[in-house]
Amino acid sequence: MKILVTGGTVFVSKFIAEYFSANGHEVYVLNRNTKPQLPSVKLIQCDRKAIDGRLKGLHFDAVIDVTAYTEEDINSLLDNLESFDNYVMISSSAVYPETLALPFKESDTRGANKFWGDYGTNKISAENALIRRVPTAYIIRPPYLYGEYNNVYREAFVFDCAERGATFYLPKDGAMPLQFFHVGDLCRFIEIILAHKPARKIFNVGNPPVTVKEWVEQCYRAAGKAPQFKYVAAGTEQRNYFPFYDYGYVLDVTEQNKLLPELLPIAEGLKRAYDWYKENRDSVKAKDYLQYIQRHFES
C-alpha cells in the first residue's frame with residue numbers, strides 16, 4: 001500500500017512509519033523536517049496546518065493520522081488530501097470524563113476530563129470533525145502507549161530508579177490501576193483494520209490493566225533489578241514524584257480482543273523499551289522527579 005503517516009519523527013508516529021515501511025509498504029511522512037527522518041520513508045515537508053498543495057496529485061491507500069489534536073488539524077489535512085481509500089485516526093482515552101463508571105466503553109458519552117483538560121476536549125472536536133467529513137474513518141482510543149522511541153519520561157524514570165538501586169516511592173498503597181498498550185500492538189491492530197475493514201469504526205485498545213506497583217515491579221525486572229518500596233500518603237501532589245496523575249482508569253477492550261486477542265506481554269514490551277532506552281537516553285527528556293524525592297523524602 002501507499003500510506004501517509006502524519007508526523008514520523010517522534011515516538012508513536014515514528015514507530016508506525018518504520019513498522020509499515022519494514023513490512024513492504026510505501027510510506028510517506030508529513031512533518032516540518034525539524035528532526036532526523038527515517039531513511040526508509042518519503043518526506044512531505046510542511047506544517048499540517050499549512051500544507052499548501054503539497055499533497056496535490058497523490059493518492060494514498062491509507063492515511064494514518066497520529067498528530068491530529070484539534071478540529072483544525074483534521075480539516076487542514078482533509079482539505080488538502082485529493083484521494084485516499086482508508087483513514088485511521090489515533091485518538092485518546094482522554095475523551096472520556098473521569099466521572100464515568102469503569103471500564104470506559106466506546107459507546108460512553110465523551111466529555112471534559114479534569115485531568116486532561118483541553119487535550120481531551122480538543123481530541124473530541126477532532127473526532128467529531130473526522131466523523132462528519134469521513135464517516136468511514138476509523139478512530140482508535142489507546143490508554144498510555146509505551147515501547148521503543150518513547151520520548152516521554154514514564155517508564156524511563158523507573159528504569160533510572162532501577163539502575164540507581166533507589167528506593168521507589170509509590171503513591172498511596174500502590175493499587176491505582178493503569179492500562180498500557182505497546183506501539184507494536186497498535187501497528188498490528190491498524191494492519192488488521194486496514195485488511196478486514198470491520199463495520200465498527202471506533203475502538204478502545206489496551207492490555208489488561210495493572211496496578212502502579214505491578215507496573216513498577218515489571219519496569220525494575222526489565223532492568224534486572226527488584227524494587228524496595230516506600231509509600232507516600234495522600235496529600236502530596238503525585239505528579240511531583242511519579243509520572244502519572246492521581247487518576248486510575250480502565251478501558252473496555254472487548255471489541256479489540258475480537259480482532260487482536262494475542263498481545264505482547266507487558267514484561268516483554270518493557271524489556272524492549274529498556275533495551276532501546278539504554279542506547280537512546282538523550283532522546284528522552286527527564287523530569288525532576290528524582291530531585292523532588294531527594295529534597296522532600298530523603299533529606
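Please read all numbers here as calculations on a predicted model, not as lab measurements. What's counted below: heavy atoms across the whole structure, side chains too, no hydrogens, waters or symmetry copies.
Side-chain contact check for V95 versus S91: some heavy-atom pair is nearer than 4.5 Å. Using a 4.5 Å heavy-atom cutoff, the side chains of V29 and I44 are not in contact. At a threshold of 4.5 Å between non-hydrogen side-chain atoms, the residues I51 and C46 count as touching. The shortest side-chain heavy-atom distance between E214 and V216 does not fall under the 4.5 Å cut-off. A 4.5 Å side-chain heavy-atom check between D65 and V88 finds every atom pair outside the cut-off. Counting only heavy atoms from C-beta outward, the side chains of F297 and K230 never approach each other to under 4.5 Å. Side-chain contact between K278 and D275: present, with at least one pair of heavy atoms (C-beta onward) separated by less than 4.5 Å. Under the 4.5 Å side-chain criterion, counting only non-hydrogen atoms from C-beta, E217 is in contact with P227.
Of the possible donor and acceptor atoms, one in the side chain of E98 sits under 3.5 Å from a partner among the backbone N and O of K114. For the pair Q238 (side chain) and F244 (backbone), a donor-acceptor distance under 3.5 Å is present. Using a distance-only test at 3.5 Å, with no hydrogens or angles considered, a donor-acceptor pair links the side chain of T6 to the main chain of T67. In this structure, D252 contributes its side chain and P103 its backbone to no donor-acceptor pair below 3.5 Å. In terms of modelled atom types and a separation under 3.5 Å, the side chain of S13 and the main chain of V10 share a donor-acceptor contact. Judged by distance alone, with hydrogens and angles left aside, the side-chain atoms of N86 form no donor-acceptor pair with the main-chain N or O of L194 at under 3.5 Å. Between the side chain of E82 and the backbone N or O of G57, at least one donor-acceptor pair lies under 3.5 Å. Side chain of H182 to backbone of G147: no donor-acceptor contact under 3.5 angstrom is found. Under a 3.5 Å cut-off, the side chain of N31 and the backbone N or O of G7 do form a donor-acceptor pair.
Taking the six-membered ring wherever Trp is involved, the centroid distance between the rings of Y241 and Y169 does not fall below 6.0 Å. Aromatic ring centres of F60 and F84 lie farther apart than the 6.0 Å criterion allows.
The structure places CD of Q228 at 13.5 Å from SG of C161, a figure rounded to the nearest 0.5 Å. One finds the CZ atom of R110 at 5.5 Å from the CZ atom of R141 (value rounded to the nearest 0.5 Å). Distance CZ/R164 to NZ/K225: 10.5 Å, rounded to 0.5 Å. With values rounded to the nearest 0.5 angstrom, I3 atom CD1 is found 12.5 Å from K42 atom NZ. The CG atom of L186 sits 6.0 Å away from the CZ atom of F181 when rounded to the nearest 0.5 Å. Rounded to the nearest 0.5 angstrom, Y119 OH and S92 OG are separated by 4.0 Å.
Paired with W116 under the rule ring-ring contact (aromatic ring centres under 6.0 Å, His included), one option of Y249, Y245, Y69 passes, and it is Y245. Each of I74, I64, L4 was checked for a side chain to side chain contact (heavy atoms under 4.5 Å, CB included) with Y87, and the lone residue meeting it is I74. For the side chain to side chain donor-acceptor pair (under 3.5 Å) with Y138, the qualifying choice from K197, K201, R200 is K201, the only one to do so.
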Are W215 and T211 close enough, and set up right, to give a side-chain contact (heavy atoms from CB on, under 4.5 Å), and what steps lead you there? CA-CA 6 Å; W215 177 73; T211 67; over 6 Å; no

Check step by step if side-chain contact (heavy atoms from CB on, under 4.5 Å) holds for R281 and D160. CA-CA 10 Å; R281 296 177 193 274; D160 283 345; 3.8 Å; yes

Test Y247 against F115 for ring-ring contact (aromatic ring centres under 6.0 Å, His included), laying out the working first. CA-CA 8 Å; Y247 168 51; F115 294 97; 4.6 Å; yes

Audit row: W276, S283, side-chain contact (heavy atoms from CB on, under 4.5 Å) steps and yes/no: CA-CA 10 Å; W276 175 84; S283 299; 3.9 Å; yes

For the pair F168 and F157, evaluate ring-ring contact (aromatic ring centres under 6.0 Å, His included) and give the outcome as yes or no after the intermediate values. CA-CA 11 Å; F168 197 91; F157 163 62; 5.7 Å; yes

Before giving the answer on side-chain hydrogen bond (donor to acceptor under 3.5 Å, both in side chains), spell out for N80 and R48 the whole-Å C-alpha distance, their side-chain angles and the decisive distance to 0.1 Å. CA-CA 9 Å; N80 283 274; R48 69 175 293 156; over 6 Å; no

Apply side-chain contact (heavy atoms from CB on, under 4.5 Å) to residues Y146 and V183 and explain how you reach the verdict. CA-CA 6 Å; Y146 80 104; V183 283; over 6 Å; no

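Shortest non-hydrogen contact noted between N150 and V284 is O-CG2, 3.3 Å. Shown here for Y96 and K105, the closest heavy-atom pair between the two residues is CE2-O, 3.3 Å. Of all heavy-atom pairs between A222 and K271, the closest is O-CD, 3.4 Å. When all heavy atoms are compared, the tightest approach of P143 to Q179 is CB-O, 3.2 Å. A pairwise comparison of heavy atoms in V212 and G174 identifies CG2-O, 3.2 Å as the closest pair. Scanning all heavy atoms of the two residues, the minimum distance from F15 to C187 falls at CD2-SG, 3.7 Å.
Using a cut-off of 4.0 Å between Lys/Arg side-chain N and Asp/Glu carboxylate O, K172 and D246 are scored as salt-bridged. Between E268 and R272 there is a salt bridge, with a side-chain nitrogen of the basic residue lying less than 4.0 Å from a carboxylate oxygen of the acidic one. No salt bridge links R188 with E262; every basic N to acidic carboxylate O contact stays at or beyond 4.0 Å. Between D79 and R133, at least one side-chain nitrogen of the basic residue sits less than 4.0 Å from a carboxylate oxygen of the acidic one, meeting the salt-bridge criterion.
In this structure, L77 is not a member of the same hydrophobic cluster as I140, with clusters built from ILVMFWY side-chain heavy atoms closer than 4.5 Å. Note: the hydrophobic cluster containing L264 does not contain I266 (ILVMFWY, side chain heavy atoms under 4.5 Å, direct or indirect links). Using a 4.5 Å cut-off between side-chain heavy atoms of Ile, Leu, Val, Met, Phe, Trp and Tyr, with links allowed through other members, L78 and V5 fall into different hydrophobic clusters. In the hydrophobic cluster analysis, where Ile, Leu, Val, Met, Phe, Trp and Tyr join through side-chain heavy atoms closer than 4.5 angstrom, M176 is grouped together with L100. Cluster annotation: V134 is connected to L55 through the hydrophobic network of ILVMFWY side chains, with a link wherever side-chain heavy atoms come within less than 4.5 Å.
The side-chain tip of R239 does not point at the ring of F242 from less than 6.0 angstrom away and within 45° of straight on. Geometrically, K14 engages Y149 in a cation-pi contact defined by less than 6.0 Å to the ring centre and at most 45° from the axis.
Around the CG atom of N128, the shell of radius 6.0 Å holds more than 12 heavy atoms that belong to other residues, nucleotides or ligands. Summarising the local packing, NZ of K35 is surrounded by 12 or fewer heavy atoms from other residues, nucleotides or ligands at distances under 6.0 Å. Residue R32 places its CZ atom among 12 or fewer non-hydrogen atoms of other residues, nucleotides or ligands, all under 6.0 Å distant.
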